[in-house]
Structures are given as structure tokens and as C-alpha cells.
Undergrad: 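Just dropping this structure here.
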Amino acid sequence: MSEVFSSVSRILQKCLEKLPQMTPEELLSYKIKAEVEEAEIYYRLYELSKEMIWNEEIPKIFYQLYQENLEHAEKLLEFYKKIFPGKEPVPVDLPSIKPVLTEETLKDFLEKARLEHLIEILMKNEKMAKEICEYVSTTAENPEVRELAQWLAKREEERYNRLKIIKKLSAAKREVSNQ
């Protein structure tokens, strides 16, 4: 499991290093793709956790995170088409955490009662997403882009905080089990 954490850390670091060289079109394209991929991960977690998790609130939170990511992707795509009319998002050469967090890996985390470790990985991803949005909100020339990035940074922080709730629920469950 620590290799998963290491892989995700390397991916996130590479993303942060490449940010300053990216154009606004590349940044928006990357964010659209990242939101869709995160939605897919949260949906898989929702499905898996319904069957495997002891607390019914956890699947609900995963489902909310899934829906929010899809809404953000739609809003970003809408904004992209407004700024770059007639164009589709461009391919961006940045790695994704999706290949690392396969369904098998997610299931493994849940089956081995390592939910807290998985949540740490997801929290790290949300934190990086927030940092990307904050970076864009301070460097973008277009005021609409800055405003959208600020809005997204707040949403990323909200998701981070919801994941923190899951981590606390899991820790509390573990403490009760150990007594």
C-alpha cells in the first residue's frame, strides 16, 4: 500500500512542477480531465463501500463527491467552450492518479481495513487540486478564469474536509474495535 502512496506522491509532484509552463487552455483541459477521473474513482468507492463499509454515511459522502466532480467537470467544460469557442480540450502530458487507484487497489484498501490510508491519498489529491486552482487564480490574466479558479479552490477544500470526516469516522471505528 505504501507503493500506492509513493506513486501518487510522485504523480502529484510532477503535476505541480509542470504547472508554471502550462497555458490556460492546457490548465483547463487538465482540470476537466482530472475532475472526470476523480468522479470515476469516487463512484467506484461509492459502489464498493456500499457493500464493504460498516458506516452508511461513508458511501453517501463518496456519492456526493462523485456528483460534485461531475458538476465541476461540466462547469469547466462550459467555461472552456466559452473562452475557446469551437475547440475541444487539448491533450495534456500530465500523469493521472486513476491508473494507480484501480478498482482492485481500491477494493484491497477497503478489504484490508485500510480506509484511512486510502483517504490520506485522496486528501493529498484534493489538496493538490486546490493548490492548482489557487495558482491559476493568482496567475491567470483573464478575470473570469481567476474567479472560476477561486470558486474551484473552495470546492476542492470542501471535498478535502469531507474526506477528513471519513478519516475521523474510520479512526473512531478502529479505536472502538481495539478496546
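Hydrogens, waters and symmetry mates play no part in the numbers below; they use all other heavy atoms, side chains included.
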Undergrad: What donor-acceptor contacts under 3.5 angstrom involve side-chain atoms of residues 85-94, with partners at least two apart or in another chain?
TA:
residue	atom	partner	partner atom	Å
Lys87	NZ	Glu25	OE1	3.2
Lys87	NZ	Glu25	OE2	3.0
Glu88	OE2	Lys81	NZ	3.4

Undergrad: Going by salt bridge (Lys or Arg N to Asp or Glu O under 4.0 Å), name the residues that satisfy it together with Lys60, two or more places apart in sequence or in a different chain.
TA: Glu57
Undergrad: Does Leu163 reach the side chain of Tyr42, with side-chain heavy atoms less than 4.5 Å apart?
TA: yes
Undergrad: Quick check: do Leu118 and Leu45 have side-chain heavy atoms less than 4.5 Å from each other?
TA: yes
Undergrad: So that I can tick it off, tell me whether Glu158 and Arg155 are bridged by a salt bridge, with the cut-off set at under 4.0 angstrom between side-chain N and carboxylate O.
TA: yes
Undergrad: Determine which pairs satisfy salt bridge (charged side-chain N to carboxylate O under 4.0 Å, His left out) with at least one residue from residues 66-76, sequence neighbours left out, and list them in order.
TA: Glu68-Arg162
Undergrad: Mind checking what makes side-chain hydrogen bond (donor to acceptor under 3.5 Å, both in side chains) contact with Gln64, not counting sequence neighbours?
TA: none
Undergrad: Sequence neighbours excluded, which residues qualify as salt bridge (Lys or Arg N to Asp or Glu O under 4.0 Å) partners of Glu134?
TA: Lys130
Undergrad: Measure across Leu76 and Leu152 and return the closest heavy-atom pair with its distance rounded to 0.1 Å.
TA: CD2-CD1, 3.3 Å
Undergrad: Is Glu120 salt-bridged to Lys124, cutoff N-O under 4.0 Å?
TA: no
Undergrad: Can you list everything that forms a ring-ring contact (aromatic ring centres under 6.0 Å, His included) with Tyr46? Sequence neighbours excluded, please.
TA: Tyr43, Tyr63
Undergrad: Run the side-chain hydrogen bond (donor to acceptor under 3.5 Å, both in side chains) test against Tyr30 and tell me which residues pass, sequence neighbours left out.
TA: none
Undergrad: Can you name the residues that form a side-chain contact (heavy atoms from CB on, under 4.5 Å) with Lys33, not counting sequence neighbours?
TA: Glu37
Undergrad: Take Glu156 and Lys31 through the test salt bridge (charged side-chain N to carboxylate O under 4.0 Å, His left out) and record every step on the way to the result.
TA: CA-CA 12 Å; Glu156 302 292 352; Lys31 264 316 270 173; 2.8 Å; yes
Undergrad: Are the side chain of Asp108 and the backbone N or O of Glu104 linked by a donor-acceptor pair below 3.5 Å?
TA: no
